[in-house]
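Heads up: the structure comes next, in structure tokens.
The shown structure was predicted, so the numbers you read here are calculated from the model rather than taken from an experiment.
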Amino acid sequence: MALSMEEQRILMQIEVRLSEDEPRLAHRLARLGEPRRRARTVIAAAAAVIIVLAAIGAAIAAAFA
């Protein structure tokens with residue numbers, strides 16, 4: 001549902017006042033739609049660990065074959 005011009009103006013005023021009064025909160029709220037880097041980092045690290053463990057397992061299996 002689209003906002004009317006008046007509603008958009010009011011929302012913009014609220015955002016400006018929030019940025020002036022509580023800049024840290026405004027910044028955190030603005031970032032809500034952004035993907036979290038931490039989650040991507042954890043997923044990449046877990047994938048790297050799995051690959052390393054698979055390589056070690058393959059090396060051990062080859063040594064005993």
Side-chain angles (χ1 to χ4, degrees):
M1 183 168 105
L3 298 176
S4 70
M5 293 300 288
E6 178 65 14
E7 291 169 328
Q8 290 179 15
R9 185 186 64 76
I10 292 170
L11 183 58
M12 184 61 72
Q13 288 177 343
I14 292 170
E15 290 175 4
V16 168
R17 287 184 192 150
L18 178 62
S19 295
E20 293 169 352
D21 295 343
E22 297 289 338
R24 289 179 64 204
L25 177 59
H27 178 71
R28 290 184 69 183
L29 291 174
R31 294 189 62 200
L32 282 179
E34 296 177 10
R36 293 187 174 181
R37 287 186 188 176
R38 191 178 338 185
R40 281 188 269 165
T41 303
V42 168
I43 291 170
V49 167
I50 291 170
I51 291 169
V52 169
L53 290 176
I56 291 172
I60 291 172
F64 288 107

Residue among Ile50, Ile51, Val49 satisfying side-chain contact (heavy atoms from CB on, under 4.5 Å) with Leu53: Val49
Only counting residues at least two apart or in another chain, list the ones meeting side chain to side chain donor-acceptor pair (under 3.5 Å) with Arg31. Glu34
For Ile60, give me all partners under side chain to side chain contact (heavy atoms under 4.5 Å, CB included), at least two apart in sequence or on another chain. Ile56, Phe64
Look up atom CG in Leu32 and atom NE2 in His27, then write down how far apart they are to the nearest 0.5 Å.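 Answer rounded to 0.5 Å: 10.5 Å.
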Using distance only, find each side-chain donor-acceptor pair of residues 4-20 under 3.5 Å and give its atom names and separation, not counting sequence neighbours.
{"unit_1": "Ser4", "atom_1": "OG", "unit_2": "Glu7", "atom_2": "N", "d": "3.2"}
{"unit_1": "Ser4", "atom_1": "OG", "unit_2": "Glu7", "atom_2": "OE1", "d": "3.4"}
{"unit_1": "Glu6", "atom_1": "OE1", "unit_2": "Arg9", "atom_2": "NE", "d": "3.2"}
{"unit_1": "Glu6", "atom_1": "OE1", "unit_2": "Arg9", "atom_2": "NH2", "d": "3.3"}
{"unit_1": "Glu6", "atom_1": "OE2", "unit_2": "Arg9", "atom_2": "NH2", "d": "2.5"}
{"unit_1": "Glu7", "atom_1": "OE1", "unit_2": "Ser4", "atom_2": "N", "d": "2.8"}
{"unit_1": "Gln8", "atom_1": "NE2", "unit_2": "Leu3", "atom_2": "O", "d": "3.2"}
{"unit_1": "Ser19", "atom_1": "OG", "unit_2": "Glu15", "atom_2": "O", "d": "3.0"}

